[in-house]
Amino acid sequence: MFDGLSDKLSGILDRLTRRGALTAGDVDAAAREVRRALLEADVALDVVRGFIDKLKERAVGVEVIKSVTPGQMVVKIVHDQLIETLGATADPIDLNAPSPVPILMVGLQGSGKTTTSAKIARRLTDLHKRKVLMASLDTRRPAAMEQLAVLGQQVGVETLPIVPGQTPVQIARRALDAGRLGGYDVVVLDTAGRTTLDEAMMAEVAEVKQAAQPHEVLLVADALTGQDAVNLARSFNERVGLTGIVLTRVDGDGRGGAALSMRAVTGKPIKLMGVGEKLDALEEFHPARIADRILGMGDIVSLVEKAAATIDAEKARRTAERLRKGQFNLDDLREQLEQMLKMGGLGGMMSMLPGIARMKNQIAAANVDDRIIKRQIAIIHSMTPKERRTPDLLKASRKKRIAAGSGTKVEEINRLLKMHRQMADMMKQMGSGKRGPMAGLANALGFGGGMPSPQELEKLADRMPGILGAPPGSLPGGLPPGGLPDVPLAPPGIPGVPPGTPLVSGPDDKDDKPAAPAAKPAAPAAPPLPGLGAKFPGLPGLGGRFQGFPGFGKKK
């Protein structure tokens, strides 16, 4: 959702950071471009004015103009101002009230209230270990109550039995009574919506609130509606009184203005955001992390938290033990690919990595998406258990059979096997305990002994931007800045050697091979073998017809 705003702001701030010194005119020009970017992102006009005024007030100052890196100081000021606009700190759902805690869900029809109610119930059940009861108060939309009952079965949360003919107020009171008698911790009340704001809906919601006395009143707003979402939040807050906002369809192609505006206009925090259609696609809204994503700084902490939430600790420990022994087969690769899909796929993971936003166009041109992962999983499923355990068995005939079974090509199978070999080598190095640039990452991911601790996660988050943003050649063990040295190529005319084949440097290639320390004088060169003249037919492995030396037997 924040891609458009992120691209514009990143371009503006990149131009500032390239300059050695900034003047007041440079800051004014950048402020105008930031104002234009915010307005194009559907941010409310009042919010944009306040944002720019505070930005200029802090940026046009002695601490910026005389700073060692004034451009980076302006980036920090924009980052801090974004956090202040979105809300200083994360504000999760408040359950500090006598049980059962009533949570009232309000919003327009089609914004996702019913699905969001089920997502919240699942989140409270799985993460907070609360016993939740859901009740549908929507007596107008056809099959609305049945929809909530079906969602309750999918997430494993009980729903209030349907009694035809009751009013929303009667259903709310019955739900609270059932919550008290059944020992429930939370009761989620899903109210009815309309296509537009009207007096009848507002009166009904106000009446339900008066009867239920909810501890949380959450507005479910569609992030794709732009500034209309701001007007919606203002109307509900004035009439009903909100305690928080839940943004849905954050994974869509909206411009992000609703998130920046609703907090500033209503003063109510954005507590949660829906990042997908699945019932587990609900995340807490962290202003600092969202500001990092907008400015292209990534969100490593959320990525590690998502990994810790989806990875089975015992299974990860067994896998780590296998990796230490160098036992990384295709079944292990399949589990890793399936784990990537659970964590949001390539798009969800790469959006949280620092610097990836600037490579968005290149990634899109390379057609890197989740379909590649699904095809690779299909290839592995088409193999026999023995082939998965021993990939060396896969020869041409087996590859043709697997390609026919998975609907792919042999070339894709070869690429998968090459990726497996590279990952196996890397996993073996990570699990062997050798020091290097991957040692800290290996320990943090559990290869050094169990799941990472919160302190290790924080250290990994602090260290990750430096590792990913390092220039070529700066990482230990990496390639030198100039790339690989020039390798001499074979001239045309050598029998059995294709023109352009790299040759191994000989003892006379002083530029290609560093001189060895002089320990002992070199032994005199052996005389040439008899019968090996200029018409030597070639060597084994280079395409020649060499049949072996006399007395050594024939070539096998």
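Within the model, atoms CZ of F285 and CD1 of I270 stand 4.0 Å from one another, a figure rounded to the nearest 0.5 Å. Here the CG-CG distance, from L160 to L189, works out to 9.5 Å after rounding to the nearest 0.5 Å. To the nearest 0.5 angstrom, L181 atom CG is 11.0 Å from L176 atom CG. Rounded to the nearest 0.5 Å, atoms NZ (K271) and CG (L242) are 11.0 Å apart. In this structure, CD1 on I372 lies 9.0 Å from CD on E412, to the nearest 0.5 angstrom. Between the CZ atom in R249 and the CG atom in D222 there is a gap of 4.5 Å [rounded to 0.5 Å].
In terms of heavy atoms, K119 sits closest to L279 at CG-O, 3.5 Å. Taking every heavy atom of both residues into account, A378 and S406 meet most closely at O-CB, 3.7 Å. Taking each heavy atom of L416 and I380 in turn, the nearest pair found is CD2-CG1, 3.8 Å. The two residues A90 and H286 make their nearest non-hydrogen contact at CB-ND1, 3.4 Å. Listed here is the closest heavy atom pair of L148 and T159: O-CG2, 3.6 Å. The two residues P102 and Q213 have their closest heavy-atom pair at CG-O, 4.0 Å.
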Item checked: Step-by-step side-chain contact (heavy atoms from CB on, under 4.5 Å) determination, I93 to R123 -> CA-CA 11 Å; I93 294 179; R123 185 178 184 86; over 6 Å; no
Next item on the list: Decide side-chain contact (heavy atoms from CB on, under 4.5 Å) for I290 and M273; before the verdict, give the C-alpha distance in whole Å, the side-chain angles of both, and the deciding distance to 0.1 Å.
Entry: CA-CA 11 Å; I290 296 298; M273 56 182 183; 3.6 Å; yes
Checklist line | Derivation of the salt bridge (charged side-chain N to carboxylate O under 4.0 Å, His left out) call for D177 and R174 | finding: CA-CA 5 Å; D177 292 340; R174 182 163 61 93; over 6 Å; no
Next item on the list: Could you please spell out the steps behind the side-chain contact (heavy atoms from CB on, under 4.5 Å) verdict for L197 and M202?
Entry: CA-CA 8 Å; L197 289 172; M202 289 296 187; 3.4 Å; yes
Checklist line | Steps toward side-chain contact (heavy atoms from CB on, under 4.5 Å) verdict (L333, M419) | finding: CA-CA 9 Å; L333 177 60; M419 182 181 70; 4.1 Å; yes
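No side-chain heavy atom of P168 sits less than 4.5 Å from a side-chain heavy atom of T191. For the pair V157 and V188, the minimum side-chain heavy-atom distance is 4.5 Å or more. A heavy-atom distance below 4.5 Å is found between the side chains of D46 and R49. Taking 4.5 Å as the limit, every side-chain heavy atom of R289 sits out of range of all side-chain heavy atoms of E283. Looking at heavy atoms from C-beta onward, L272 lies in side-chain contact with I120 at the 4.5 angstrom threshold. Side-chain contact between E84 and D80 is absent, with no heavy-atom pair separated by less than 4.5 Å. For the pair T139 and M145, the minimum side-chain heavy-atom distance is below 4.5 Å. Using a 4.5 Å heavy-atom threshold, the side chains of V106 and K209 count as separate.
At least one donor-acceptor pair under 3.5 Å links the side chain of H420 to the backbone N or O of F328. Within the 3.5 Å criterion, the main-chain N or O of F51 finds no donor-acceptor partner in the side chain of Q81. Judged purely by atom type and a 3.5 angstrom limit, T243 uses its side chain to pair as donor or acceptor with the backbone of V217.
Checked by atom type, the side-chain pair R234/N231 shows a donor-acceptor distance below 3.5 Å.
Atom CD of Q210 is surrounded by 12 or fewer heavy atoms from other residues, nucleotides or ligands within 6.0 Å. Heavy-atom neighbours of E338 CD from other residues, nucleotides or ligands within 6.0 Å: above the threshold of 12.
The pair K131-D185 fails the salt-bridge criterion, with no side-chain N (NZ, NE, NH1 or NH2) lying under 4.0 Å from an Asp/Glu carboxylate O.
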Show every donor-acceptor pair shorter than 3.5 Å between a side-chain atom in residues 107-114 and any protein atom, with sequence neighbours excluded, or say none if there are none.
{"residue": "S111", "atom": "OG", "partner": "L108", "partner atom": "O", "Å": "2.8"}
{"residue": "S111", "atom": "OG", "partner": "V220", "partner atom": "O", "Å": "3.3"}
{"residue": "K113", "atom": "NZ", "partner": "L108", "partner atom": "O", "Å": "3.4"}
{"residue": "T114", "atom": "OG1", "partner": "R141", "partner atom": "NH2", "Å": "3.3"}
{"residue": "T114", "atom": "OG1", "partner": "D190", "partner atom": "OD2", "Å": "2.8"}

